[in-house]
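Working notes, beginning with the structure itself.
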Number of protein chains: 2
Amino acid sequence: MSNETEPAPAAHGQPTLKAIADAVGVHVSTVSRALKRDPESPDASKSVRRIHRIAEQMGYRPNLMAAGLRTNRSYTIGVVMPRLTDVVIAQTCEAIEEAATAAGYQILLATPPDEVNAQLQSIQMLASRRIDGLIVSSIHLDRPDMVEEILRAGIPTIAVNRRADGKLHAVTTDDYHGGYLAGEHLVNLGHRRIGIVAGPRHASTAWDRTQGCIEAITSRGIEVDEELIVHTDFEVQGGISGAHRLLNLADPPTAIFAVNDTAAIGVAGAVRDRGLSIPRDISLVGYNDIPLVSQLPVPFTTISSPAAPMGSVALQQLLRGINEGEMSSLKLPVSLIVRASTTVPRQN
Amino acid sequence: MSNETEPAPAAHGQPTLKAIADAVGVHVSTVSRALKRDPESPDASKSVRRIHRIAEQMGYRPNLMAAGLRTNRSYTIGVVMPRLTDVVIAQTCEAIEEAATAAGYQILLATPPDEVNAQLQSIQMLASRRIDGLIVSSIHLDRPDMVEEILRAGIPTIAVNRRADGKLHAVTTDDYHGGYLAGEHLVNLGHRRIGIVAGPRHASTAWDRTQGCIEAITSRGIEVDEELIVHTDFEVQGGISGAHRLLNLADPPTAIFAVNDTAAIGVAGAVRDRGLSIPRDISLVGYNDIPLVSQLPVPFTTISSPAAPMGSVALQQLLRGINEGEMSSLKLPVSLIVRASTTVPRQN
DNA sequence: TTGTAAGCGTTATCAG
DNA sequence: CTGATAACGCTTACAA
């Protein structure tokens, strides 16, 4: 008797398939099927259109948790990105999110500190959400166990920004070549003593840029003293302290390559604080070409690296990994941008 | 006969409660209960410990989608944050994420363009994930329908960064007072013609800072010409074009207040390109005190605003809204940082 | 303390 | 094309 009459109590706020089914007078499975057909299509049946219309009216939003439980697909990508306040990282993150949205995925973001254990813990939490794929931006090169642990989760994973050795695919920019370009530029200008504010050792970005720069210098037959390479962090403060250490040397450099623009800004500040001037006393090369270095009173010579494309390409590769079970590592090209912060060394 | 003997086929990769139950030889419900007791506790029963141990061994990770489906709680917060590449936004986002993680929540991030419809669409997508709460950073002040539409989703929501009128609670910094401090500072130095690079009209941050600055000036009996207020975006380019428009005036300003540091960097670039110098010809006040403006050759006078606290406080309020059904709007204090970019107006 | 069973909202399979 | 039914993995009365 009392059959299919009640408007169906919408569980907890949101209407469900059942609610629509009751409203229309059909079975839930019919609604489910109908809703994944295109109502605009010319061969859409009358009832498909009707179901779409009513669903729309009722403000139906599918419950993706329920769907995911059934299909074993969450359409969710985990992103582990320390240092989000670095413009380059943020650009990459934004690009990942855009590409993911375009592909029908959503982003679960974790921004733990740039430490191995914190990142692994974030990954565990994301794994509990049954993410379909994982993007990790801050692999530590000196901790192969990090990669091991990540792979153990059994989730399609790609590294971005920093590469990983071996089994983990990565989409990066060509940091080695970028470093090479920087070194080559300074050598070509006539510099013979070149300091490197080299960033942290565990980051492949910093490491590769440093090695590339060294290679460019030594391949010209110029020696690179150990003391000319100072390891720091990626922040302004790192640039400041790194510059002071270099300028305190008995035989200080005439040029400094900082492996990222933020540190380069610190270098510039330190140089100024010592009463020296760029580029007259010290030539300076940064890295990344973040938007503001071109607007500084002395615009920086720097390396332009494609942060946003790196993000979208990484997501594309990850999707390939998810859907086709295979992905590739890619290294995106970089280029030298010459501006006012570099010139020939001062003749004493 | 063949009862509870097989090791239980772990559904699709990850072990489930059932798998553990079979391994231990108890029922799933027992496992479920045991796993949410603390095995370290002195009064933890032997079997609780055993179940924890085996779960650990098998690498069990709870399926939060399944749990959420049952409990109607996703332990997930949606964050809609356009302009993630702005350091201030990124700082806020990072703080939200940290606070959320600490509270056992995870972040679903969307970074749509800073447009009403794009943001609303992101919110719809997040709603499908049954997020427990929502944080929106870029309310458009001139679009009250935006707030209406957001509230319609029926999700506990708080605005951050930019306030909203009326029904939507917001955690912001005291932009009006910040603008006031900037204006007051310039007037106190003796400036009478002060230009404002005022950002977009739809952002309460930009708007309030501008209004505060105007109030500070007019309350000293100084008139603010319409032409001295130029609306732009928040980017370097906006600062450049805004500055040029101001400096092209028949009676150009002797000081410029840019409502954010990024635009201020653009202003500084434009001033330099016209052969003028800061602060000799033009005094400049920025806003936010982003890390690098203190390291510039001429460090900026600016307003320091607590971007990270804003994020964590917003999350705390949101949690109150979720758990207790009530939250408050808060306005965090700001302060003036005087550096080298401002001085008394040049005497002609 | 433990097992039983129902149910969260969805999709997939299978009959009609 | 539609309806019935089971299942995804988990939680939670309720009963033993």
Side-chain angles (χ1 to χ4, degrees), chain A residues 3-4 8-37 39 41 43-52 55 58-76 127-132, chain B residues 3-4 8-37 39 41 43-52 55 58-76 127-132:
Chain A
N3 203 16
E4 290 179 329
H12 223 225
Q14 309 288 348
T16 67
L17 281 189
K18 177 99 179 52
I20 300 172
D22 290 357
V24 179
V26 293
H27 195 263
V28 278
S29 58
T30 309
V31 178
S32 173
R33 279 184 299 249
L35 285 182
K36 42 182 46 69
R37 313 204 80 68
S41 150
D43 50 299
S45 78
K46 242 176 103 159
S47 89
V48 164
R49 273 193 254 265
R50 192 162 116 82
I51 290 173
H52 269 273
M58 298 177 67
Y60 173 72
R61 294 266 95 210
N63 184 331
L64 264 29
M65 299 205 311
L69 179 59
R70 182 61 232 257
T71 59
N72 220 27
R73 281 284 227 140
S74 65
Y75 286 96
T76 271
S128 278
R129 301 281 176 191
R130 298 300 186 263
I131 49 176
D132 293 335
Chain B
N3 203 15
E4 290 178 328
H12 224 223
Q14 309 288 349
T16 69
L17 280 190
K18 177 97 180 52
I20 300 173
D22 291 356
V24 179
V26 293
H27 194 263
V28 281
S29 60
T30 309
V31 178
S32 173
R33 280 183 298 248
L35 285 182
K36 44 182 45 67
R37 312 203 82 68
S41 150
D43 51 298
S45 77
K46 243 177 101 158
S47 89
V48 165
R49 273 194 255 267
R50 191 162 116 83
I51 290 174
H52 269 273
M58 298 177 66
Y60 175 72
R61 293 267 96 210
N63 183 332
L64 263 30
M65 299 205 310
L69 179 60
R70 181 61 231 257
T71 59
N72 219 27
R73 282 284 228 139
S74 66
Y75 286 96
T76 271
S128 278
R129 301 281 176 193
R130 297 302 186 263
I131 49 176
D132 293 338

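This structure is a prediction, so every number in the text was calculated from the model and none was measured. A note on names: the letters A, B, ... follow the listed sequences, proteins ahead of strands, and every chain is numbered from 1.
Side-chain atoms of B:T30 and B:V24, non-hydrogen and from C-beta on, never get closer than 4.5 Å to each other.
The CZ atom of B:R73 sits 19 Å away from the C1' atom of C:dG9 (whole-angstrom rounding). Between the C1' atom of C:dA12 and the CG atom of A:N72 lies a distance of 13 Å, rounded to the nearest Å. A straight line from CZ of B:R129 to P of C:dC8 spans 22 Å, rounded to a whole angstrom. In this structure, B:L69 atom CG and C:dG9 atom P are separated by 7 Å, rounded to whole Å. In this structure, CG of A:L35 is placed 13 Å from C1' of C:dG9, rounded to the nearest angstrom.
Here B:L64 pairs with A:S128, A:R129, B:P62, B:Q106 under the side-chain contact (heavy atoms from CB on, under 4.5 Å) rule; sequence neighbours left out. Remark: A:A67 engages no residue in a side-chain contact (heavy atoms from CB on, under 4.5 Å) (not counting sequence neighbours). For B:R37, there are no salt bridge (charged side-chain N to carboxylate O under 4.0 Å, His left out) partners, not counting sequence neighbours. Applying the side-chain hydrogen bond (donor to acceptor under 3.5 Å, both in side chains) test to A:S29 and every residue at least two apart in sequence or in another chain returns A:H27. Not counting sequence neighbours, the partners of B:Y75 by the ring-ring contact (aromatic ring centres under 6.0 Å, His included) test are B:Y105. Legend: residues meeting side-chain contact (heavy atoms from CB on, under 4.5 Å) with A:A21, ordered by chain and number and at least two apart, are A:V28, A:V31.
Evaluation of the salt bridge (charged side-chain N to carboxylate O under 4.0 Å, His left out) test over residues 65-74 of chain A, restricted to residues two or more places apart or in two chains, returns A:R73-A:D132.
When heavy atoms are screened at a 4.0 angstrom cut-off, B:S47 is found touching the sugar-phosphate backbone but no base atom.
Relative to the axis of its first five pairs, the axis of the last five pairs of the helix from C:dT1-D:dA16 to C:dG16-D:dC1 sits at 40°, rounded to 10 degrees.
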- Each nucleotide of nucleotides 10-16 of chain D classed B (base within 4.0 Å of a protein heavy atom), S (only sugar-phosphate) or -, in 5' to 3' order, makes BBBB---
